[in-house]
Amino acid sequence: AQKVTQAQTEISVVEKEDVTLDCVYETRDTTYYLFWYKQPPSGELVFLIRRNSFDEQNEISGRYSWNFQKSTSSFNFTITASQVVDSAVYFCALSEGRSNDYKLSFGAGTTVTVRA
Amino acid sequence: DTEVTQTPKHLVMGMTNKKSLKCEQHMGHRAMYWYKQKAKKPPELMFVYSYEKLSINESVPSRFSPECPNSSLLNLHLHALQPEDSALYLCASSPGTAIDYGYTFGSGTRLTVV
């Protein structure tokens with residue numbers, strides 16, 4: 001069963017528009033971590049944020065913001081005033097708290113294209 | 001140094017060749033990982049090394065052979081690969097294997113098997 005669902009395959013916006021990426025996760029654990037990674041065309045996975053299951057505070061970092069809602073098992077990511085350099089594939093990932101299971105379960109990814 | 005360095009960046013090999021991918025980190029991380037990523041797909045875990053010992057093998061075919069010579073180095077030896085093994089191979093490291101550690105990824109090796 002898919003543990004992390006990113007329903008949006010591709011999103012295309014014009015520069016300066018806001019874009020929100022959806023992430024829905026599934027776990028039976030009470031302790032888990034959620035991540036967002038950015039993968040530009042160069043291939044490297046760039047860490048953006050880590051959030052643990054006990055911290056539901058939303059977070060803002062520059063133009064990036066994250067909305068974590070345990071009630072809906074969602075961890076959505078918003079880019080405000082998008083720029084061309086934001087064009088990349090964005091992955092949401094889950095790490096669960098079961099013993100010996102520290103693997104990252106990735107969503108399918110959302111390709112964001114920002115047009116000038 | 002906060003990077004994971006992978007070499008080579010690109011590799012083209014024949015199905016009868018033997019080659020190796022190299023991954024290096026100097027952050028003192030004790031867990032290192034190999035992931036395989038096909039085009040337009042998320043990364044898939046292949047191997048996990050914890051304190052230089054292989055702790056996870058995700059049922060990877062024996063034509064892929066990992067090696068961890070020391071805490072900073074991780075190799076992936078390739079032999080008799082198939083064209084379907086063409087992919088981006090990503091190395092990652094983390095301070096440990098507890099779930100709360102973040103992962104640092106390298107930029108990958110783009111492998112093409114001809």
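Proteins get letters first, then strands, A, B, ... in listed order; numbering begins at 1 in each.
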Joint hydrophobic cluster, [X] plus [Y], side-chain heavy atoms closer than 4.5 Å:
| X | Y | value |
| --- | --- | --- |
| A/Ile49 | A/Val24 | no |
| A/Trp36 | A/Val112 | yes |
| A/Tyr90 | A/Val46 | no |
| B/Met15 | B/Leu78 | yes |
| B/Trp34 | B/Ile56 | no |

Do A/Leu104 and B/Tyr35 come within less than 4.5 Å of each other through their side chains, counting heavy atoms only?
->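 Yes, at least one pair of side-chain atoms sits under 4.5 Å.
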Distance flag, aromatic centroids of B/Phe105 and A/Phe47, threshold under 6.0 Å = no
Does a sphere of radius 6.0 Å around CD in A/Gln57 hold more than 12 heavy atoms from other residues, nucleotides or ligands, not counting ones at 6.0 Å or beyond?
-> no
Locate the shortest heavy-atom distance separating A/Phe106 from B/Pro42; write the atom from each residue and the value.
-> CB-CB, 3.6 Å
Of all heavy-atom pairs between A/Gly43 and B/Leu90, which one has the smallest distance, and what is that distance?
->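 Nearest pair, atom of A/Gly43 first, then B/Leu90: O-CD2, 3.8 Å.
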Who among B/Glu58, B/Lys9, B/Glu44 has the most heavy-atom pairs with chain A under 4.5 Å?
->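 The answer is B/Glu58.
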Nearest 0.5 Å please: distance from the CG atom of B/Leu88 over to the CD atom of A/Gln39.
-> 6.5 Å
To the nearest 0.5 angstrom, please state how far the CD atom of A/Glu44 sits from the CD atom of B/Glu3.
->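 Interatomic distance, A/Glu44 CD to B/Glu3 CD, rounded to 0.5 Å: 7.5 Å.
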Between B/Gln37 and chain A, which part of the residue has a heavy atom less than 4.5 Å away: side chain, backbone, both or neither?
-> side chain
